[in-house]
Amino acid sequence: MTDNIEDLQETYPGAGTFQFGDSAETCAALIELVRKSNKRATCAPLRDFKDDPASMPVVGRIDIVADWDGRPTFVVKTVRVDEVRFCDVTENMAKADGFKDLLAWRKSTKASISRGGNHDPAMPMLFEFFSLVEDLDGRQIEEKS
């Protein structure tokens with residue numbers, strides 16, 4: 001990540017940083033969904049946190065969401081975390097994750113999971129719901145020299 005994110009630590013001490021998606025194109029599309037208020041959740045297989053349990057979402061945590069190049073785009077706050085099996089994700093959860101319906105969520109998420117390992121319909125997922133704290137678009141963030 002860039003030095004810009006470190007500068008934001010003064011405003012949001014202890015904030016973590018993450019990116020959406022597994023490609024530049026997907027990341028940019030998901031950032032736009034958040035900006036349009038069409039995405040207020042994200043999810044990942046629980047197995048993704050096995051090697052880094054400190055990265056698991058926690059209610060109340062503040063995170064800086066970066067674009068694919070590591071530039072901060074906005075700040076979010078985790079408001080709810082649900083552990084749910086892939087097959088038990090609901091229509092409302094899929095829509096909160098930015099999808100038009102549950103079928104679209106299942107198709108896209110299954111493809112994404114399969115790129116990173118085996119998919120199992122009963123696999124546990126972590127669903128993180130967040131609120132937008134600050135959109136950093138247009139904010140002047142000082143570069144460290």
Side-chain angles (χ1 to χ4, degrees), residues 1-86 89-119 123-145:
M1 299 296 158
T2 67
D3 287 340
N4 290 350
I5 292 173
E6 292 177 26
D7 295 338
L8 287 170
Q9 290 295 321
E10 291 179 22
T11 306
Y12 301 103
T17 303
F18 71 92
Q19 295 168 312
F20 291 126
D22 57 4
S23 70
E25 181 179 281
T26 300
C27 185
L30 296 175
I31 285 168
E32 281 308 305
L33 286 174
V34 172
R35 285 206 165 111
K36 294 177 181 176
S37 298
N38 292 333
K39 180 174 177 62
R40 288 295 183 258
T42 191
C43 72
L46 183 59
R47 70 176 183 219
D48 288 1
F49 301 94
K50 185 179 98 174
D51 293 333
D52 187 12
S55 68
M56 287 186 66
V58 176
V59 173
R61 186 179 71 192
I62 299 290
D63 284 304
I64 299 162
V65 181
D67 68 12
W68 199 249
D69 294 323
R71 290 182 299 264
T73 59
F74 40 79
V75 179
V76 297
K77 181 178 183 178
T78 302
V79 296
R80 188 172 111 204
V81 179
D82 293 342
E83 184 177 327
V84 60
R85 296 182 316 165
F86 180 93
V89 170
T90 67
E91 185 88 15
N92 286 339
M93 294 170 94
K95 287 182 177 181
D97 197 13
F99 290 86
K100 66 178 181 168
D101 58 33
L102 183 57
L103 184 60
W105 180 89
R106 283 185 177 153
K107 182 179 177 183
S108 176
T109 305
K110 180 180 179 182
S112 177
I113 289 169
S114 295
R115 285 190 296 273
N118 294 331
H119 170 266
M123 70 188 315
M125 305 288 292
L126 274 184
F127 231 94
E128 177 182 7
F129 295 84
F130 58 83
S131 62
L132 182 63
V133 173
E134 182 180 359
D135 188 334
L136 302 170
D137 189 33
R139 178 176 169 173
Q140 296 295 321
I141 300 172
E142 291 184 32
E143 296 274 348
K144 288 192 177 194
S145 5

Do you know the tightest heavy-atom contact between [X] and [Y]?
X	Y	result
Ala66	Ile31	O-CD1, 4.1 Å
Leu33	Gly98	CD1-O, 3.7 Å
Glu83	Pro124	OE2-CB, 3.8 Å
Pro45	Ile113	CG-CG1, 3.7 Å

Intermediate values then yes/no, side-chain contact (heavy atoms from CB on, under 4.5 Å), Cys43 and Leu126: CA-CA 5 Å; Cys43 72; Leu126 274 184; over 6 Å; no
Counting only N and O atoms by type, is there a donor-acceptor contact under 3.5 Å from the side chain of [X] to the main-chain atoms of [Y]?
X	Y	answer
Glu128	Thr42	no
Glu134	Phe74	no
Gln19	Cys27	no
Asp69	Arg71	no
Ser108	Ala104	no
Lys39	Asp97	yes

Would you check, one step at a time, whether the test salt bridge (Lys or Arg N to Asp or Glu O under 4.0 Å) holds for Lys95 with Asp101? CA-CA 6 Å; Lys95 287 182 177 181; Asp101 58 33; over 6 Å; no
For Arg80 and Asp82, run salt bridge (Lys or Arg N to Asp or Glu O under 4.0 Å): C-alpha distance rounded to whole Å, both residues' side-chain angles, the deciding distance at 0.1 Å, then the answer. CA-CA 7 Å; Arg80 188 172 111 204; Asp82 293 342; 2.7 Å; yes
Side-chain heavy atoms of Pro57 within contact of Phe49, under 4.5 Å: yes
Are the side chains of Ile62 and Val133 in contact, using a 4.5 Å heavy-atom criterion? yes
Nearest 0.5 Å please: distance from the [atom1] atom of [X] over to the [atom2] atom of [Y].
X	Y	atom1	atom2	value
Ile64	Thr11	CD1	OG1	8.5 Å
Arg40	Phe130	CZ	CZ	6.0 Å
Arg106	His119	CZ	NE2	9.0 Å
Leu102	Thr109	CG	OG1	9.5 Å
Met123	Phe86	CE	CZ	8.5 Å
Trp68	Asp22	CH2	CG	6.5 Å

Donor + acceptor pair across side chains of Ser23, Thr26 (<3.5 Å): yes
The test is side-chain contact (heavy atoms from CB on, under 4.5 Å); show your working for Val81 and Val58 and say whether it passes. CA-CA 7 Å; Val81 179; Val58 176; 6.0 Å; no
After noting the C-alpha distance and the side-chain angles of Thr73 and Glu32, does the key distance pass the side-chain contact (heavy atoms from CB on, under 4.5 Å) rule? CA-CA 10 Å; Thr73 59; Glu32 281 308 305; over 6 Å; no
Fit a plane to each ring of Phe127 and Trp105, take the angle between them on a 0 to 90° scale, and name the class: parallel (under 30°), tilted (30 to 60°) or perpendicular (over 60°). tilted
Counting only heavy atoms from other residues, nucleotides and ligands, does the tally under 6.0 Å from CG of Asp52 exceed 12? yes
Just do the side-chain contact (heavy atoms from CB on, under 4.5 Å) check on Val75 and Val65 with the steps written out, would you? CA-CA 6 Å; Val75 179; Val65 181; over 6 Å; no
Could Asp63 and Arg61 be called an ion pair, given the rule that one side-chain N must be under 4.0 Å from one carboxylate O? yes
